[in-house]
Amino acid sequence: MLVNPSFPAKTVPEFIAYAKANPGRINMASPGNGTAPHAAGELFTMMAGVDMVHVPYRGAAPALTDLLGGQVQVMFLGPVGSIEYIRTGKLRALAVTTATRSEALPDVPTVGDFVPGYESSAWFGVGAPKGTPAEIVDKLNKEINAGLADPKMKARLADLGGMVLAGSPADFGKLIAAETEKWAKVVKFSGAKAD
């Protein structure tokens with residue numbers, strides 16, 4: 001959860017108080033309708049009970065440019081695209097959207113510290129076509145988990161603000177089902193439509 005350093009709120013509670021005192025006056029940038037940052041912002045809007053104006057851009061770069069320039073006030077963007085701006089003070093991270101603090105930004109709280117139950121994180125997984133033999137799926141899972149356990153891989157991901165989420169194929173299936181249910185509620189709440 002990023003703001004321009006000129007924005008008056010320095011914490012998530014201050015941001016919520018400001019947003020409630022100024023409904024519809026905070027512009028929330030995203031890389032476009034239906035993107036993960038858009039959904040993360042809508043989840044925050046829904047759970048914090050604030051009214052922000054969604055400003056969809058055609059990609060993260062122009063949205064980030066306008067956040068840096070102060071044309072929009074907030075953006076929910078993953079650390080890979082923003083961590084250097086945070087480290088150099090060009091953007092202020094009010095919070096991370098993951099369930100736990102980021103190793104790369106240990107002093108930045110989570111949104112969930114202030115908005116109970118809030119969690120939004122991007123994840124990547126490897127799938128195989130339906131009907132792929134179980135022994136092949138198991139071998140892929142074993143090798144991928146071994147790669148993710150490599151200290152160099154973990155360190156590189158942590159430096160970028162990422163974290164490893166290894167598990168079984170069944171764990172991944174449960175994650176996909178839970179995320180699908182969660183985000184369907186956010187999309188319905190936001191009224192978002194495909195462009």
Side-chain angles (χ1 to χ4, degrees), residues 1-102 104-123 161 178-179 181-195:
M1 183 176 181
L2 304 167
V3 296
N4 184 286
S6 66
F7 190 74
K10 308 268 191 271
T11 65
V12 172
E14 288 178 8
F15 183 94
I16 292 170
Y18 184 90
K20 287 185 176 185
N22 297 280
R25 299 189 70 203
I26 295 177
N27 293 317
M28 176 188 72
S30 84
N33 287 325
T35 59
H38 175 211
E42 293 294 349
L43 179 64
F44 180 83
T45 297
M46 182 175 84
M47 294 182 74
V50 297
D51 177 20
M52 299 188 291
V53 176
H54 176 229
V55 182
Y57 287 80
R58 292 188 178 271
L64 197 52
T65 299
D66 276 3
L67 180 63
L68 288 161
Q71 285 83 10
V72 292
Q73 290 73 46
V74 66
M75 186 172 179
F76 292 77
L77 186 65
V80 174
S82 62
I83 199 160
E84 287 306 314
Y85 294 113
I86 296 165
R87 289 177 175 159
T88 59
K90 293 179 180 173
L91 291 176
R92 181 185 313 125
L94 298 183
V96 294
T97 61
T98 50
T100 58
R101 288 183 183 224
S102 168
L105 301 166
D107 296 330
V108 178
T110 70
V111 173
D113 290 343
F114 311 105
V115 181
Y118 182 96
E119 186 278 334
S120 174
S121 51
W123 49 265
E179 291 283 287
E181 181 180 338
K182 172 184 174 176
W183 294 110
K185 291 175 185 173
V186 174
V187 169
K188 184 175 181 178
F189 168 83
S190 74
K193 302 282 186 232
D195 286 340

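- In this structure, the side chains of Leu105 and Ile83 come closer than 4.5 Å at one or more pairs of heavy atoms.
- Taking every heavy atom of both residues into account, Thr100 and Val96 meet most closely at O-CG2, 3.9 Å.
- The heavy-atom pair separating Ile86 from Ala93 by the smallest distance is CD1-CB, 3.9 Å.
- Pairs passing the salt bridge (charged side-chain N to carboxylate O under 4.0 Å, His left out) check and including a residue from residues 73-97, sequence neighbours excluded, read Glu84-Arg87, Arg87-Asp159.
- Residues meeting the side chain to side chain donor-acceptor pair (under 3.5 Å) test with Ser82, sequence neighbours left out: none.
- At distances below 3.5 Å, not a single donor-acceptor pair connects side-chain atoms of Tyr118 with backbone N or O atoms of Thr110.
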(message) With side-chain contact (heavy atoms from CB on, under 4.5 Å) as the criterion, how do Asp113 and Val12 come out once you've worked through the C-alpha distance, each side chain's angles and the decisive distance to 0.1 Å?
(response) CA-CA 9 Å; Asp113 290 343; Val12 172; over 6 Å; no
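- Among the candidates Leu43, Thr45, Val50, the single residue satisfying the side chain to side chain contact (heavy atoms under 4.5 Å, CB included) test with Met47 is Leu43.
- Under the side chain to side chain contact (heavy atoms under 4.5 Å, CB included) criterion, Thr35 pairs with Ser30, Pro31, Pro37, His38, sequence neighbours left out.
- Remark: Glu119 engages Lys182 in a salt bridge (Lys or Arg N to Asp or Glu O under 4.0 Å) (not counting sequence neighbours).
- Judged as a ring pair (Phe, Tyr, Trp, His ring centres under 6.0 Å), the pairs with a partner in residues 61-88 (not counting sequence neighbours) are, in order, Phe44-Phe76.
- Every residue meeting the side chain to side chain donor-acceptor pair (under 3.5 Å) condition with Ser6, not counting sequence neighbours, appears here in chain and number order: Asn4.
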Going by atom type alone, with no hydrogens or angles, which donor-acceptor pairs under 3.5 Å involve a side-chain atom of residues 58-71 and a protein atom two or more places apart or on another chain?
from	atom 1	to	atom 2	distance (Å)
Thr65	OG1	Ala61	O	2.8
Asp66	OD2	Tyr57	OH	2.6

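- Applying the salt bridge (charged side-chain N to carboxylate O under 4.0 Å, His left out) test to pairs two or more places apart or on separate chains, none has a residue in residues 28-50.
- Partners of Phe189 under the ring pair (Phe, Tyr, Trp, His ring centres under 6.0 Å) rule, at least two apart in sequence or in another chain, do not exist in this structure.
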Could you list the donor-acceptor pairs under 3.5 angstrom formed by side chains in residues 13-29, with sequence neighbours left out?
from	atom 1	to	atom 2	distance (Å)
Glu14	OE1	Lys10	N	2.7
Lys20	NZ	Ala48	O	3.4
Asn22	ND2	Tyr18	O	2.9

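- Contacts of Asp51 classified as side chain to side chain donor-acceptor pair (under 3.5 Å), with partners at least two apart in sequence or in another chain: none.
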